[in-house]
Amino acid sequence: YTSGSRKLVDKDKTTIMVQAAYDNKNVNRTAAGQPQARSIDYTVTLSGTNADNYTINGQDSSATMAGAQTGAKGVIYPKDLTSSFAPVTKEYDGTTNMPGGWSSGGSLSGVEQGDSVSLGAGTTAQFHSKDVRGDGTTWTDAGGQVWKNWVNYANLSLTGADALNYDLQSTAQGGGTITPLTLGAGDFDYTFTPLTKEYDGGTVISPADAASHLLTVTVKANKSQARDVFKGVGVDHTTNVSADYTSANSQKSAPQAVN
């Protein structure tokens, strides 16, 4: 027999086949979660016309040498998985919070067929920016789409019977869109100082006069998520204000409604 050769005796038409396999398909982890060596078992098989003329370790034509006996060891390292999440859309609410009823969902890429592994509970998520247009930065997903806002996921983990055979980064990103909050004139409360003018045959009030009498504009409770937009950001509530008297007549100097 020549070292490294599959043939035992050239002229005796007998070959030797050596096969090796780990004693278990799973990653062997330490108590701290680090991969460590596990045993490798070797099977030696004789074949050929005159194979019956030989024995292996006192056995007939095949023998298995367990790694526990030979000391043969090897390390199976965890396979890296990739997580992905469906895009999330919500209406602007002044926060980076996820919309009501949100569930993380998510999927994993790279799981071997037949293995039981999925994303674990406890995933948290926040929009990168609270604003519709984001904060001026962008994120590009695996498909090449550029997002001006997106969702940052954290505390990702794996669960399932085969979870220890895989590794997963604890953070990830996914597409996210914040749509504008729709506001109408009826979503605000207004206060004005009384207007007066001398009879001129018309109902029109000049924009400047109308604006000067507009004291406050506050968002109604049912649109409270918009309130922060109008705090300390220099929003001019008097822009494009228009007003008209209900009647062109003096009404004998009696108060009348202004629209």
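For clarity, every value in this text was computed on a predicted model and none was experimentally measured.
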Of all heavy-atom pairs between [X] and [Y], which one has the smallest distance, and what is that distance?
X      : Y      : result
Leu156 : Ser83  : CD1-OG, 3.6 Å
Met98  : Ala125 : CG-O, 3.4 Å
Ala20  : Ile40  : CB-CG2, 4.0 Å
Trp139 : Gly175 : CZ3-N, 3.7 Å
Glu112 : Tyr166 : N-OH, 3.0 Å
Ala72  : Tyr42  : CB-CE1, 3.6 Å

Verify the cluster assignment for [X] and [Y]: are they in a single hydrophobic cluster under the rule of side-chain heavy atoms below 4.5 Å apart?
X      : Y      : value
Leu168 : Leu164 : no
Val151 : Tyr92  : yes
Trp147 : Phe85  : no

Interatomic distance, [X] atom [atom1] to [Y] atom [atom2] [nearest 0.5 angstrom]:
X      : Y     : atom1 : atom2 : value
Asn28  : Asn24 : CG    : CG    : 8.0 Å
Asp141 : Ser84 : CG    : OG    : 10.5 Å
Thr45  : Met17 : OG1   : CE    : 8.0 Å
Ile178 : Thr89 : CD1   : OG1   : 9.5 Å

Under a 3.5 Å distance rule, please check whether [X] uses its side chain to pair with a backbone N or O of [Y] as donor and acceptor.
X      : Y      : result
Asn155 : Thr124 : no
Thr140 : Gly144 : no
Asn149 : Asp131 : yes
Lys79  : Gly110 : yes
Lys73  : Gln36  : no
Asp115 : Val117 : no

Is any side-chain heavy atom of [Y] closer than 4.5 Å to one of [X]?
X      : Y      : answer
Pro180 : Glu91  : no
Thr179 : Val132 : no
Leu81  : Leu158 : yes
Val88  : Pro99  : yes

Hey, is Arg38 close enough to Asp23 for a salt bridge, meaning N to O under 4.0 Å? yes

Whether Asp162 and Lys25 form a salt bridge (side-chain N of Lys/Arg under 4.0 Å from carboxylate O of Asp/Glu) is what I want to check. yes

Got a sec: does the CD of Gln169 have more than 12 other heavy atoms crowding it under 6.0 Å? no

Describe, in one word, how the ring planes of Tyr153 and Trp102 are oriented to each other, choosing from parallel (under 30°), tilted (30 to 60°) and perpendicular (over 60°). tilted

On the 0 to 90° scale, with breaks at 30° and 60°, tag the Trp150-His128 ring pair as parallel, tilted or perpendicular. parallel

Side-chain donor-acceptor pair present, Tyr22, Asp41, cut-off under 3.5 Å: no

Under a 3.5 Å threshold, yes or no: a donor from one side chain and an acceptor from the other, between Thr159 and Ser118? no

Hey, which of Asp167, Val27, Asn165 is the one that makes side chain to side chain contact (heavy atoms under 4.5 Å, CB included) with Pro35? Val27

